[in-house]
2 protein chains.
Amino acid sequence: MPLPIPGSQVRGSKSGKPIMALLDLLGRTWSLGVIWHLSQGPATFRQLQQRCEQISPSLLNTRLQELKILQLIETQSDGYALTDQGRSLFDIIAPLGQWSKDWAKHLPAGSES
Amino acid sequence: MPLPIPGSQVRGSKSGKPIMALLDLLGRTWSLGVIWHLSQGPATFRQLQQRCEQISPSLLNTRLQELKILQLIETQSDGYALTDQGRSLFDIIAPLGQWSKDWAKHLPAGSES
DNA sequence: AAATCTTGCTACTAAAACAGTAGCAAAGTA
DNA sequence: TACTTTGCTACTGTTTTAGTAGCAAGATTT
């Protein structure tokens, strides 16, 4: 699947509505995870691998390139970091952290941590 | 991949931190899309198929079952609908709509709609 | 009540995405 | 000069998703 660039055809929208491009992007494995972990601060490739337990290096690299082209992250001297745009996206989804804890309390195998 | 239930092992977290379970769930193709489209109001199976251009019925059904078990959606007389919990999740991500439009303006093939 | 249509799916196959592991070239360190 | 670390690439195998066909149950029409 090609990059979900707003304006071009993406999953869920032939016209490439920006929101659909974004949902396509965020709907890929580890996209949200990478952004989430980078919000803790810049990280080198291998540091990110550790923050994201279980991610394979090939996929990590793929995601990093995608997010870089789409200008959510950039490379700095100290590794990968969120761009201003990336941070503004994170600011929106940050409340998911608390939400997920509340959610966990009401679920079948309801445990939390 | 089994359901990402907080507390059990999920992608990105052996301990099943709720946020990781949530990111795993939302990182699956069409999870976010289904929630997004259901926020416009309840829909029958076939209506949802139409709102989500291009989704296959088998995957739609898989996602619906997952989201139902995880209590983000429920079935009502008029079809599928967000639960209160699902709506509270949507309230968090709703600003992505506007964000994505701003984002689109600054991108390579920068178009919008 | 027979035929037709709609709805909510299931079944199947092919294509794509992802995991898991190995390892290499370049840069840094001892 | 040898050894380590870093940022990846390559490869194989499994899992996910797309794409299409169609069926059983209920509603609607004739």
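Everything numeric here is computed off the predicted structure, so don't read it as measured data. Each chain gets a letter, A, B and so on, in the order the sequences are listed, and its residues count up from 1.
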Open item on the list: Using a 3.5 Å distance criterion without hydrogens, assess whether the side chain of A:Gln85 forms a donor-acceptor pair with backbone atoms of A:Leu72.
Closed with: no
Open item on the list: Using only atom types and a distance under 3.5 Å, with no angle test, would you say the side chain of B:Ser8 pairs donor to acceptor with the backbone of B:Ile5?
Closed with: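 Flag set: sc B:Ser8 to bb B:Ile5 pair under 3.5 Å.
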Task: Polar side-chain contact B:Ser58-D:dG19 base: donor and acceptor under 3.5 Å - done: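 Yes.
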- [ ] Please determine if A:Asp24 and A:Arg28 form a salt bridge, counting it only when a charged side-chain N lies under 4.0 Å from a carboxylate O.
- [x] yes
Interatomic distance where [atom1] belongs to [X] and [atom2] belongs to [N] [whole Å]:
{"X": "A:Leu59", "N": "D:dA10", "atom1": "CG", "atom2": "C1'", "value": "15 Å"}
{"X": "A:Ile55", "N": "D:dG7", "atom1": "CD1", "atom2": "P", "value": "15 Å"}
{"X": "A:Leu48", "N": "D:dG7", "atom1": "CG", "atom2": "P", "value": "10 Å"}
{"X": "A:Leu60", "N": "D:dG7", "atom1": "CG", "atom2": "P", "value": "10 Å"}
{"X": "B:Phe45", "N": "D:dG26", "atom1": "CZ", "atom2": "C1'", "value": "17 Å"}
{"X": "A:Gln49", "N": "C:dC18", "atom1": "CD", "atom2": "P", "value": "16 Å"}
{"X": "A:Gln47", "N": "D:dC8", "atom1": "CD", "atom2": "P", "value": "13 Å"}
{"X": "A:Asn61", "N": "D:dT6", "atom1": "CG", "atom2": "C1'", "value": "13 Å"}

Task: Of A:Arg11 and A:Gln54, the one whose closest DNA chain C nucleotide lies more 5' - done: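 On the 5' side of the pair lies A:Arg11.
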- [ ] Start with the C-alpha distance between B:Arg51 and B:Trp36, add both sets of side-chain angles, then the distance that settles side-chain contact (heavy atoms from CB on, under 4.5 Å), and finish with yes or no.
- [x] CA-CA 10 Å; B:Arg51 291 189 193 173; B:Trp36 194 266; over 6 Å; no
Task: A:Glu74 side chain to A:Gln76 side chain, donor-acceptor N/O pair below 3.5 angstrom - done: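 On atom types as modelled, these side chains qualify, holding a pair under 3.5 Å.
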- [ ] Describe the nucleic acid contact of B:Ser56 in one word from base, sugar-phosphate, nothing, applying a heavy-atom distance below 4.0 Å.
- [x] base
Task: N or O in side chain of A:Arg46 less than 4.0 angstrom from D:dC8 OP1/OP2 - done: no
Open item on the list: Does D:dC8 have OP1 or OP2 under 4.0 Å away from a side-chain N or O of A:Tyr80?
Closed with: yes
Task: Residue whose nearest DNA chain D nucleotide is more 5′ - A:Leu64 or A:Gly27 - done: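 Whichever sits nearer the 5' end wins; that is A:Leu64.
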Task: First of B:Pro57 and B:Arg28 reached from the 5' end of DNA chain D, by closest nucleotide - done: B:Arg28
